[in-house]
Structure formats: C-alpha cells, structure tokens
Amino acid sequence: MPVISSPALGSPIWFDVMSSDPEAARKFYSALFGWTFEVGGPDTNFYAMGRKGGSNVAGMGPMPPGAPMPSAWNVYFGVASADETAKRVTDAGGQVMMAPMDVMEFGRMAMCADPTGAMFGLWQPGTHTGSQLNNEHGAMAWSEVNTRDIDRATSFYGNVFDLGASPMEGSPSPYNMLMQNGEPVAGAMQMTPEWGEMPPHWMPYFAVDSIDSAVKTVADNGGTVAHGPFDTPYGRMAVIIDPQGAAVSIIQLSQQAS
C-alpha cells in the first residue's frame, strides 16, 4: 500500500464522514488528528470543513434524518465533469445513486455504486479542490475498495477513470494497485470469507505520527480499535471505529513509504 503523492483528477481527492452526531464526531477527530473545524450554515446543511494547520483535510456532515445507513466515511474521485463521469459509471455497469448536483460555488458532486456494491463519490472541483495536505498527521494517505469481486471492481474503475492495474505481490489477499500515469493512486482488495457479511466499501486511510499513541487516543475518546495495530511494508496501521460507528484506517507511514 504505497501512499498518494498529490490528489489529481481521476483519483481520490477528498474524504468526508456523514455522522449521526457531528458535534461529538468533531470532538473525537479533533482529539485524534488535531483538526479544527469551520462549520457551515444552514445553506450547507452545517457541513464542517476539517482543517490541519489551515489546510483542508476532510469534511464532516450530519446524516440525513431517517437515513437507513449508519455513519460512514466516503471517498470522492476528482473528475473534470460529474455529468460525463456519471454516464461512464452507468455504461461500465455501476449505478448513480444521487444524480450530479451543484454544491454552491464549491463544486459539483454525485454519489455512485460500483457493480460489486461499493459506494463512492464524484467531485468536480469548483472553489473546493480537495485535500490540501497529504501523508502528514491527520491528512489523507491512501484509500482502497474492499470488494467481493476484485476483477470486476478493478475493471470498472479502470473503465470509468482510465486507471491501470498492478497486482501487489506477497499480499495475503488478492490486491490490485489502481495506477494513474504509472503511479498508484488507490487500491482494490478482495474480501475473503473472514470478512463475514460486511458489505463492499471504500476505506480511507489517514496518516498519524504514532500508531500506538493514536490507538490510545481512540480508546480514551470513546472509539474502538477494530483491527491492529499491525505492521505492513508501508507502515504500522490499525482500523478504528469512531463513537458514532464510522470505520476508518490510520497508518504510521514508514520512511520508505513517505
């Protein structure tokens, strides 16, 4: 799992979480990542911009009333045209769950699902161009789709975003790097029976300075460590669940990865 260099169109450029309790979630992620927040008004549905050192790093909004899904993190691909890419999604066998719509002057977005059931977003930048900080504590470092049909998912994202594929040698589960101009920008992992009934999904990763300190902060602030910490060739990582139930990965990047 290499790290991203700089988010570009055709690759993941933004993460956000829809939370059942945004105020509590802001406190949790402030403690974990040192984020500050600028909370929008009613015209933005009180969407909050998470910042690190003045740079935009992630977003947070409230779950819609009566939403059937739990709190969850979302991964957004940057695109030149949300409308044209939405058509590519359906042409490639995916679904457009929320049609392209303008988000004031910030950009244009859509929500989609790949043919294996994993949800993801499209973001056509306006004044908001995505993450402004990467591979540092509290900033995006990687994302991957966990799927029950890695070949179908890899083909889909290749067709929609013109991404190549490179299998990762030595991975305990089949894993493909999704490649843009010869560089890895995201991953695709085959879900095995050990995953149980968990549905396919995109998993964001945030960098942390110390994984052991971070997992203690998670526990001290009402979160749960679902898996890890454990070592990988790219750093020491863990999967955590925030107090509202949203899962996200954190990684202490190795010197080789960073």
Side-chain angles (χ1 to χ4, degrees), residues 1-7 11-17 25 28-35 50 52 57-58 71-75 118 120 131 133-147 150 153 166-179 183-192 194-196 198-258:
M1 189 213 76
V3 298
I4 55 172
S5 53
S6 179
S11 71
I13 66 169
W14 188 243
F15 301 156
D16 71 12
V17 61
F28 174 81
Y29 289 105
S30 291
L32 178 59
F33 295 136
W35 290 350
K52 190 73 189 294
V57 291
S71 297
W73 278 93
N74 302 303
V75 173
F120 64 97
S131 177
L133 191 67
N134 308 290
N135 306 327
E136 297 183 21
H137 182 83
M140 60 188 294
W142 186 247
S143 58
E144 67 201 9
V145 60
N146 298 310
T147 174
I150 189 173
S166 177
M168 179 188 283
E169 301 296 333
S171 174
S173 300
Y175 195 105
N176 289 336
M177 299 292 188
L178 302 180
M179 311 290 290
E183 297 292 331
V185 295
M189 178 183 285
Q190 177 69 43
M191 299 173 74
T192 61
E194 287 74 22
W195 291 71
M198 183 180 296
H201 60 279
W202 273 89
M203 172 61 76
Y205 286 69
F206 287 100
V208 293
D209 289 336
S210 167
I211 195 72
D212 296 301
S213 176
V215 296
K216 182 178 186 304
T217 300
V218 168
D220 288 347
N221 287 273
T224 304
V225 179
H227 188 38
F230 57 93
D231 293 315
T232 77
Y234 302 101
R236 186 164 169 79
M237 62 167 291
V239 181
I240 65 168
I241 300 175
D242 72 23
Q244 289 69 49
V248 67
S249 290
I250 53 176
I251 182 166
Q252 178 182 336
L253 296 168
S254 67
Q255 186 173 1
Q256 169 189 347
S258 57

Seminar exercise, completed: CG (D16) and CG (N74) are apart, to the nearest 0.5 Å, by 5.0 Å
Seminar exercise, completed: Distance col, row T232:OG1 vs Q252:CD, nearest 0.5 angstrom, shows 10.5 Å
If you take all heavy atoms of [X] and [Y], which pair is closest and at what distance?
X: A118; Y: W202; value: CB-CD1, 4.1 Å
X: N135; Y: A141; value: OD1-CA, 3.5 Å
X: V215; Y: V225; value: CB-CG2, 3.8 Å
X: E144; Y: A188; value: CB-N, 4.5 Å
X: S131; Y: M140; value: CB-SD, 3.1 Å
X: F230; Y: H227; value: CE2-CD2, 3.4 Å

Set of residues satisfying side chain to side chain donor-acceptor pair (under 3.5 Å) with respect to [X], sequence neighbours excluded:
X: S71; answer: S20
X: H201; answer: N146
X: T192; answer: E194

Exercise. When you look at V248 and I240, which way does the side-chain contact (heavy atoms from CB on, under 4.5 Å) test go after all the steps?
Worked result: CA-CA 6 Å; V248 67; I240 65 168; 3.6 Å; yes
Exercise. Hey, are the side chains of E136 and K52 touching, using non-hydrogen atoms and a 4.5 Å cut-off?
Worked result: no
For this session: Among residues two or more places apart or on two chains, list those pairs meeting salt bridge (charged side-chain N to carboxylate O under 4.0 Å, His left out) that have a residue in residues 232-253.
Result: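 Every pair satisfying salt bridge (charged side-chain N to carboxylate O under 4.0 Å, His left out) with a residue in residues 232-253: D212-R236, D231-R236.
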For this session: Show your reasoning for whether side-chain contact (heavy atoms from CB on, under 4.5 Å) applies to W142 and M237.
Result: CA-CA 12 Å; W142 186 247; M237 62 167 291; over 6 Å; no
For this session: Kindly write out the residues that satisfy side chain to side chain contact (heavy atoms under 4.5 Å, CB included) with P174, not counting sequence neighbours, or none if the list is empty.
Result: I150, Q190
Exercise. Sequence neighbours excluded, which residues qualify as ring pair (Phe, Tyr, Trp, His ring centres under 6.0 Å) partners of F206?
Worked result: F15, F33, W35, W73
